[in-house]
Amino acid sequence: SDIGISTSTTTGILGFLTNSIASPISLSSTATTFDGPSVSQGSSGVWYASGTITILQGAGAGAQHCKLWDGTNTVAAGLFTATATFANTISLSGAISAPAGNLRMSVVVAAAGTMLSTTNAYANASTITAVRIG
């Protein structure tokens with residue numbers, strides 16, 4: 001995915017990372033996992049992550065399966081059914097210890113659509129933030 005805006009701050013043991021996708025991601029294939037925003041936090045520590053994905057549904061209605069994960073372990077997951085040509089947003093959050101990979105927001109769609117970005121006139125439409133809490 002085309003990752004754009006990125007900010008990081010670290011103070012002692014605590015710190016945070018945030019990232020938003022810079023351009024829209026076409027969700028053109030059903031039953032395929034599309035990665036959205038992600039952060040590279042490393043594999044140590046305890047992290048609290050929170051993210052949002054905004055999807056503009058295409059011509060057909062369908063279910064959108066979203067998850068916040070590290071590529072192996074799911075931190076949080078959700079589902080919404082999208083009506084044709086409407087935008088929907090889902091936010092997920094949770095804590096994870098010793099992440100196996102980059103924390104990311106991903107989606108599997110039942111009907112084509114577009115993951116919205118900052119270029120769609122929605123600031124941080126699809127974004128993730130991870131805060132080191134231990």
Side-chain angles (χ1 to χ4, degrees):
S1 64
D2 185 11
I3 303 301
I5 302 167
S6 180
T7 305
S8 67
T9 301
T10 305
T11 307
I13 193 168
L14 302 177
F16 76 92
L17 302 163
T18 188
N19 202 2
S20 299
I21 59 172
S23 59
I25 297 172
S26 175
L27 309 173
S28 57
S29 179
T30 61
T32 298
T33 300
F34 292 93
D35 287 337
S38 67
V39 292
S40 178
Q41 74 294 323
S43 60
S44 63
V46 179
W47 293 83
Y48 177 81
S50 178
T52 299
I53 290 181
T54 302
I55 296 173
L56 177 61
Q57 188 63 29
Q64 313 298 336
H65 301 266
C66 302
K67 64 182 173 179
L68 168 62
W69 65 320
D70 66 2
T72 301
N73 306 294
T74 300
V75 177
L79 165 75
F80 62 83
T81 301
T83 304
T85 69
F86 282 89
N88 290 287
T89 299
I90 190 165
S91 296
L92 301 169
S93 60
I96 186 170
S97 178
N102 294 346
L103 292 172
R104 67 197 82 169
M105 295 288 292
S106 299
V107 63
V108 175
V109 297
T114 303
M115 188 182 307
L116 299 180
S117 68
T118 56
T119 62
N120 296 106
Y122 300 103
N124 303 326
S126 298
T127 191
I128 187 171
T129 299
V131 179
R132 184 164 181 178
I133 58 174

Chemist: Is there a side-chain contact between Leu103 and Ile96, using heavy atoms and a 4.5 Å cut-off?
Modeler: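 Yes - at least one pair of side-chain heavy atoms lies under 4.5 Å apart.
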Chemist: With side chains defined as the heavy atoms from C-beta onward, is the minimum distance between Leu116 and Ile55 less than 4.5 Å?
Modeler: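 No, every pair of side-chain atoms sits at 4.5 Å or beyond.
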Chemist: Do you know the tightest heavy-atom contact between Gln64 and Ala82?
Modeler: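 For Gln64 and Ala82, the tightest heavy-atom pair comes out as NE2-CB, 3.9 Å.
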Chemist: Minimum heavy-atom separation for Pro37 and Asn19, please, with both atom names.
Modeler: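 Looking at all heavy atoms of both residues, the closest pair is CB-O, 3.6 Å.
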Chemist: Do Thr32 and Val108 touch side chain to side chain, with heavy atoms closer than 4.5 Å?
Modeler: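 No. Closest side-chain heavy atoms not under 4.5 Å.
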Chemist: Are more than 12 heavy atoms, taken from residues, nucleotides or ligands other than Phe86, located less than 6.0 Å from that residue's CZ atom?
Modeler: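 12 or below, so no.
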Chemist: Ignoring hydrogens, what is the shortest heavy-atom contact between Met115 and Phe34? Give both atom names and the distance.
Modeler: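 For Met115 versus Phe34, the nearest heavy atoms are CE-O, 4.2 Å.
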Chemist: Are any of the side-chain heavy atoms of Trp47 and Ile133 separated by less than 4.5 Å?
Modeler: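 Sidechains of Ile133 and Trp47: no contact.
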Chemist: Nearest 0.5 Å, please: how far is CG in Asp70 from OG in Ser38?
Modeler: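 Here the rounded value is 12.0 Å.
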Chemist: For the residue pair Asp35 and Trp69, establish whether any side-chain heavy-atom pair is separated by less than 4.5 Å.
Modeler: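 Yes, close enough: below the 4.5 Å cut-off.
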Chemist: Taking atom NZ of Lys67 and atom OG1 of Thr74, what is their separation to the nearest 0.5 Å?
Modeler: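 It comes to 4.5 Å.
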Chemist: Closest heavy-atom contact between Thr30 and Ala111?
Modeler: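 Smallest interatomic distance, heavy atoms only, reads CG2-N, 3.9 Å.
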Chemist: If only side-chain N and O atoms count, and only distance matters, is there a donor-acceptor pair under 3.5 Å linking Ser50 with Thr129?
Modeler: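 Looking only at side-chain atoms, Ser50 and Thr129 do not form any donor-acceptor pair under 3.5 Å.
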Chemist: Say whether Val131 and Val46 are linked into one hydrophobic cluster, either directly or through other cluster members, by side-chain heavy-atom distances under 4.5 angstrom.
Modeler: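 Yes: a chain of side-chain contacts under 4.5 Å links Val131 to Val46.
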Chemist: Could you tell me which non-hydrogen atom of Ala130 sits nearest to which non-hydrogen atom of Val39, and how far apart they are?
Modeler: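 Smallest heavy-atom distance, with atoms named: CB-CG2, 3.9 Å.
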Chemist: Looking at OH of Tyr48 and CZ of Phe16, how far apart are the two atoms once the value is rounded to the nearest 0.5 Å?
Modeler: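 One gets 15.0 Å once the value is rounded to the nearest 0.5 Å.
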Chemist: Can you list the steps and then say if Leu27 with Val107 is a side-chain contact (heavy atoms from CB on, under 4.5 Å)?
Modeler: CA-CA 9 Å; Leu27 309 173; Val107 63; 3.9 Å; yes
Chemist: Any donor-acceptor pair under 3.5 Å linking the side-chain atoms of Ser106 with those of Thr33?
Modeler: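 Looking only at side-chain atoms, Ser106 and Thr33 do not form any donor-acceptor pair under 3.5 Å.
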Chemist: Should Val109 and Phe80 be counted in the same cluster of Ile, Leu, Val, Met, Phe, Trp and Tyr side chains packed under 4.5 Å apart?
Modeler: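 Yes: a chain of side-chain contacts under 4.5 Å links Val109 to Phe80.
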Chemist: So does Leu17 get a backbone contact from the side chain of Gln41, meaning a donor-acceptor N/O pair under 3.5 Å?
Modeler: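 Answer holds: no.
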Chemist: At what distance, to the nearest 0.5 angstrom, does OG of Ser126 lie from CD1 of Ile21?
Modeler: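 Nearest 0.5 Å value for the OG-CD1 distance: 4.0 Å.
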Chemist: Got a second to check how far Asn88's CG is from Thr81's OG1, nearest 0.5 Å?
Modeler: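 Asn88 atom CG to Thr81 atom OG1 measures 9.0 Å (nearest 0.5 Å).
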Chemist: Within this structure, what is the OG-CG distance for the pair Ser91 and Leu68, rounded to the nearest 0.5 Å?
Modeler: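 So the gap between those two atoms works out to 10.5 Å.
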Chemist: Less than 4.5 Å apart, side chain to side chain, heavy atoms only: is that true for Val75 and Leu92?
Modeler: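 No; the side chains remain at least 4.5 Å from each other.
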Chemist: Run the numbers on Thr89 and Thr54 for side-chain hydrogen bond (donor to acceptor under 3.5 Å, both in side chains), then give the verdict.
Modeler: CA-CA 4 Å; Thr89 299; Thr54 302; 3.1 Å; yes
Chemist: State, to 0.1 Å, how close Asn124 and Thr127 come at their nearest heavy-atom pair, and which atoms those are.
Modeler: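 Here Asn124 and Thr127 meet closest at O-CG2, 3.6 Å.
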